[in-house]
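Structure first, commentary second.
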Amino acid sequence: MGFFDVATATVTTILRGGLGLKVGAVGARPEKRLVIYEFEGCPFCRKVREALSILDLEAEIRPCPKSGHRFRDELVERGGKAQFPYLIDPNSGVEMYESADIVDYLYSEYGQGSAPAMIRGSAPATIAVALSGIGRGPAGAFVKPSKAPEGPLALYSFEASPFCRLVRERLCELELTYTLHNVARGSAAREAFVERSGKMQVPYLVDPNTGVEMFERAEILAYLDETYGTT
Ligand SMILES: N[C@@H](CCC(=O)N[C@@H](CS)C(=O)NCC(=O)O)C(=O)O
């Protein structure tokens, strides 16, 4: 199963042309962290996460898998409907649905120039991102029973890493809120990350609720299931 998961996640990365592997031209930096309601299996959400990696932005992720309630209900109350992704930018007070608008907004506030065609709102771009995820089936789209952590976890990651995707899927399924620290190639956050963790390798999970910090996808998945899964 592990091999199949890595293989299909790698196919997604290849079909996405490696978007989210390296940082592009960045602009102003936000003072406060962005907040995103999304779920890993949603192709529209992937475009937004790719933009986050390229623009070297971190975000607080509030996972909203189908049939989940922890953050879905919160968003419906806040924004009026269950549609993902949804961005909150506490720096400007702007909040919005629609991935194309979110990507354009992120580029206008925190990038330079316009977003690559593959993450903009055109129909071909949307079809391409949807097709790229087919190999992952329902992973990262449906809730699994879990207990809520006291506070958010943290994940060091970048969008194009297939290993990180597998961890994000599980965080999403278990509705575990986390700070997504993007450390794509060229990221300004890499040096501090290596200082903290000892080497440049992702995924790297930090759980301030238990004091655990760890590398290795398979071990992280086992930890999340054991600590928060209630199936
Ligand atoms: N045009 C929207 C479409 C978003 C959309 O359809 N998202 C789906 C998930 S991929 C959704 O919110 N479905 C409702 C649900 O999951 O309950 C966008 O680009 O953001």
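Quick caveat, the model's predicted, so the values are computed rather than measured. When a ligand or atom number is given, it counts from 1 through the structure's own listing order.
With sequence neighbours left out, the salt bridge (charged side-chain N to carboxylate O under 4.0 Å, His left out) criterion links Arg170 to Glu173, Asp225. Qualifying ring-ring contact (aromatic ring centres under 6.0 Å, His included) partners for Phe84, counting only residues two or more places apart in sequence or in other chains: Phe39.
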What are the atom names and distances for all N or O pairs under 3.5 Å between ligand 1 and the protein?
from, atom 1, to, atom 2, distance (Å)
ligand 1, 1 (N), Glu98, OE1, 2.6
ligand 1, 1 (N), Glu98, OE2, 3.4
ligand 1, 7 (N), Phe84, O, 2.9
ligand 1, 12 (O), Phe84, N, 2.8
ligand 1, 16 (O), Lys66, NZ, 2.9
ligand 1, 16 (O), Arg72, NH2, 2.8
ligand 1, 17 (O), Arg72, NH1, 2.7
ligand 1, 17 (O), Arg72, NH2, 3.3
ligand 1, 19 (O), Ser99, N, 3.3
ligand 1, 19 (O), Ser99, OG, 2.6
ligand 1, 20 (O), Ser99, N, 2.7

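Ring orientation note: the planes of Tyr156 and His181 are close to parallel, at an angle under 30° on the 30°/60° scale.
Within the 3.5 Å criterion, the main-chain N or O of Ala59 finds no donor-acceptor partner in the side chain of Arg33.
Residues Leu180 and Arg168 are in side-chain contact: their nearest non-hydrogen atoms beyond the backbone lie under 4.5 Å apart.
Every pair passing salt bridge (Lys or Arg N to Asp or Glu O under 4.0 Å) that includes a residue from residues 193-202 is listed here, sequence neighbours excluded: Arg196-Glu213.
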